[in-house]
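Inspection log for the structure reproduced underneath, given as structure tokens.
All values below come from the heavy atoms of this structure, side chains included, with hydrogens, waters and symmetry mates left out. Just so we're on the same page: letters track the sequence lines, and every chain starts at 1.
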Amino acid sequence: MRILQLHCDSIEYNPTKKEIKSAEEITPEPKRLEEVVVVFVAIENGDDSEIAQKAISEIKTSMGKVGCKKLLLYPYAHLSSNLAAPSTALSLLKEMESLASDLEVSHAPFGWTKSYNVKVKGHPLAESSKVFSKDVAPHDHGHTHDDEGQASEALKSESKIKSFWYILSPDGTMTEVDKFNFAKHEKLEILAKYEAAKKRAVDEPPPHVKLMKKMAIADYEPASDSGNMRFYPNGRLIKSLLERFVTDQVKEYGGLEVETPIMYDSHHPSMESYFNRFPARQYNINTEGKQLFLRFAACFGQFLMANDFQISYKNMPMKLYELTRYSFRREQSGELVGLRRLRAFTMPDCHAFCTDIPQAIEEFRKRFDLSRNVLKEVGIDDSDYEMAIRFTEEFYNENKAYIEELVRKMGKPVLVEMWKERFFYFVLKWEFNYVDNLGKASALSTDQIDVENGARYGIRYFDESNTPHHPIILHNSPSGAIERVIYALLEKAALDQKEGRKAQLPLWLAPTQVRIIPLKEEFAKHCEELADKLSASDIRVDIDDRNETLGKRIRESETEWIQYTLVIGEKEIGKANLSIRDRKTGDVIELSFDEFVSKIKEQTKDKPFTKLNLSRYLSKRPQIMV
RNA sequence: GCCUCGAUAGCUCAGCCUGGUAGAGCGAAAGUUUCGUAAACUUUAGGUCGUGGGUCCAAAUCCCACUCGAGGCUCCA
């Protein structure tokens with residue numbers, strides 16, 4: 001960081017036009033300040049909070065000497081030829097401004113071309129220039145991000161972190177990744193390469209993107225920011241059923257469902273300290289003098305809430321749960337893909353507040369089972385995902401038996417990442433990674449043991465002797481982002497299609513479970529009565545009353561993945577049994593009404609239900625996607 | 001965010017290299033047809049060629065910038 005500091009009688013500046021796209025949103029108007037120290041600042045690559053602090057404290061010292069209490073920070077790119085990214089620069093500039101809030105401080109708009117007029121005082125201390133840089137040279141292990149310019153200490157340390165990769169087998173043997181025989185574990189190999197070697201090679205778009213459009217589930221919304229999707233009626237129905245299912249499961253486990261705000265004050269003390277721990281990749285909103293950010297997880301709300309609870313050791317473990325619609329993360333634009341990686345997503349997030357590590361481990365067990373069960377019931381099997389487990393060396397040495405127990409439960413080898421020292425707030429973390437047919441891995445369920453945030457958020461519980469302690473906090477998402485679950489289901493369906501099987505959603509998630517086709521118009525009434533009866537049993541049924549040939553309507557029922565199709569003609573009118581075309585086999589079977597209903601109920605047992613989310617009559621529906 | 005590629009009717013795509021009045025299939029509308037388990041027939045409508053600028057007598061076509069998307073890199077609290 002380079003600064004030029006001038007003690008001035010006055011300065012006038014006038015923003016004329018935006019210089020860069022990411023310029024601050026302001027109403028350009030001329031400003032005049034008197035008796036002020038003007039600091040021209042150029043923020044350079046590698047600058048971070050530490051440097052900002054250092055700079056501002058030097059500025060304050062010299063301002064004390066000249067007895068001036070008014071400070072203007074003036075972004076001035078021309079001082080350096082090695083500038084940081086504008087986003088970094090702006091956030092550091094704002095950080096400096098807030099660090100000087102004991103003075104009368106302001107900053108000239110960032111990213112604007114400005115004209116200015118300055119009158120500098122004539123005393124010896126009035127002018128000075130300084131350069132601030134890190135004392136420590138960056139590590140040279142090949143992962144420094146010097147060309148990016150980072151906003152926080154966290155990202156720097158993250159790049160310094162050194163990982164050791166192993167494969168841990170159910171029998172307890174730990175093998176270095178390079179030496180493991182992946183012959184029977186193809187997907188694990190993909191995950192290991194993906195994570196450890198960071199190797200990927202794909203040259204086609206992900207198949208689920210096509211399906212999400214074709215099945216009228218979801219689509220891009222160009223009028224929003226990238227990674228913010230629109231969900232059509234089918235997508236909303238599927239998503240809402242998944243949301244309800246996960247929520248019901250967590251409640252059964254003992255989670256207390258809450259709802260917390262989606263935006264928070266960046267200057268709240270807990271947030272500030274948390275921010276210093278993580279790269280700034282959030283959406284920011286400035287409003288009426290407040291700097292708000294959109295939440296990127298449910299942690300804040302739940303921790304702030306827990307902070308206000310009176311908690312006894314008898315109440316522990318205490319589980320809070322929220323399904324965030326939405327969480328927001330400003331992922332890099334190049335990383336956004338279909339429903340796999342979004343900037344706005346729906347995330348079940350369950351925190352368990354525990355007294356100590358043994359209790360945390362006990363709870364961790366339950367949540368491991370909960371997560372596996374949720375995925376299984378949702379339609380994602382063990383064979384679809386690979387487990388990764390991450391821990392510090394210290395935690396491993398103290399809890400070896402437990403870690404091996406988890407792997408034994410998983411029943412197949414898992415990828416291990418071990419750190420020499422704890423950098424993140426957690427000491428142990430596992431996640432289930434869905435590996436798609438293009439060889440991309442993405443995390444679904446996850447759980448972590450957090451030993452840091454209890455203190456950060458001032459959460460306390462009282463033990464037997466009425467002494468307060470900070471709890472250990474578990475962070476679990478039993479399913480991962482709901483959008484990502486849909487992605488996984490669609491990728492599975494795409495794989496089925498590719499390998500010649502029929503693609504299908506689980507029946508409880510099917511937008512239409514039963515389709516009725518009247519052979520001629522004269523059977524319309526009969527069809528409607530039948531549809532009424534089925535709906536009364538909580539079955540999503542619709543009627544293809546369009547003037548199309550039977551063959552065509554059957555075909556469309558097929559392409560919409562509808563499992564059961566009932567054709568109603570003369571034969572059916574007179575007879576008690578139904579003729580049911582089962583898409584899985586393509587055969588027509590005969591069942592009584594009750595038999596048919598219980599056949600469906602069997603498959604949708606213990607799953608939530610919601611009503612049809614489109615008009616019952618196909619002739620009344622707009623065409624959303626072809 | 002960086003590099004590479006792409007954007008033409010509601011959808012899928014041809015036309016672009018080599019500049020000269022915008023094409024197909026599906027879908028939609030109207031009519032005919034009333035059908036037995038994966039695509040009936042006829043007719044009609046439908047396009048600022050992603051947006052903005054440039055070159056040219058003339059731009060969907062060549063050039064530049066931007067937006068959105070895809071792949072890779074980086075990243076994923």
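- Comparing B:C75, B:A38, B:G71 by their nearest atom to the side chain of A:Gln332 picks out B:C75.
- At whole-Å resolution of the value, CZ in A:Phe303 and P in B:A77 are 15 Å apart.
- Nearer to the 5' terminus of RNA chain B, by closest-nucleotide assignment, is the contact made by A:Gly338 (compared with the other of A:Cys299 and A:Gly338).
- Here B:A77 presents its C1' atom at 14 Å from CZ of A:Arg422, a figure rounded to the nearest Å.
- At whole-Å resolution of the value, CD in A:Glu548 and P in B:A39 are 12 Å apart.
- Here the side chains of A:Glu572 and A:Leu519 are not in contact, with every heavy-atom distance at 4.5 Å or above.
- A gap of 10 Å separates the C1' atoms of B:G19 and B:A60, to the nearest Å.
- Looking at A:Asn547, its side chain comes within 3.5 Å of the base of B:C35 through a donor and an acceptor atom.
- Rounding to whole angstrom units, CE of residue A:Met212 and P of B:C11 are separated by 14 Å.
- Between A:Tyr326 and A:Tyr283, the gap from one ring centroid to the other reaches at least 6.0 Å.
- For the pair A:Lys210 NZ and B:U12 P, the computed distance is 9 Å after rounding to whole Å.
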Determine whether A:Val416 and A:Phe391 satisfy the following criterion, side chain to side chain contact (heavy atoms under 4.5 Å, CB included), listing intermediate values before the conclusion. CA-CA 8 Å; A:Val416 167; A:Phe391 40 72; 3.4 Å; yes
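- Regarding A:Leu294, its CG atom lies at a distance of 16 Å from the C1' atom of B:A77, rounded to whole Å.
- Under 3.5 Å, the side chain of A:Glu572 and the base of B:G36 form at least one donor-acceptor pair of N or O atoms.
- Using P as the reference atom, B:G6 and B:G46 are 31 Å apart when rounded to the nearest Å.
- Across residues 517-526 of chain A, A:Leu519, A:Lys520, A:Glu521 each have a non-hydrogen atom less than 4.0 Å from an atom of RNA chain B (numbered order).
- Between the side chains of A:Thr260 and A:Gln302, no donor-acceptor pair is found at a separation under 3.5 Å.
- When distances are taken from the side chain of A:Tyr425 to each of B:C75, B:C35, B:A77, the shortest belongs to B:A77.
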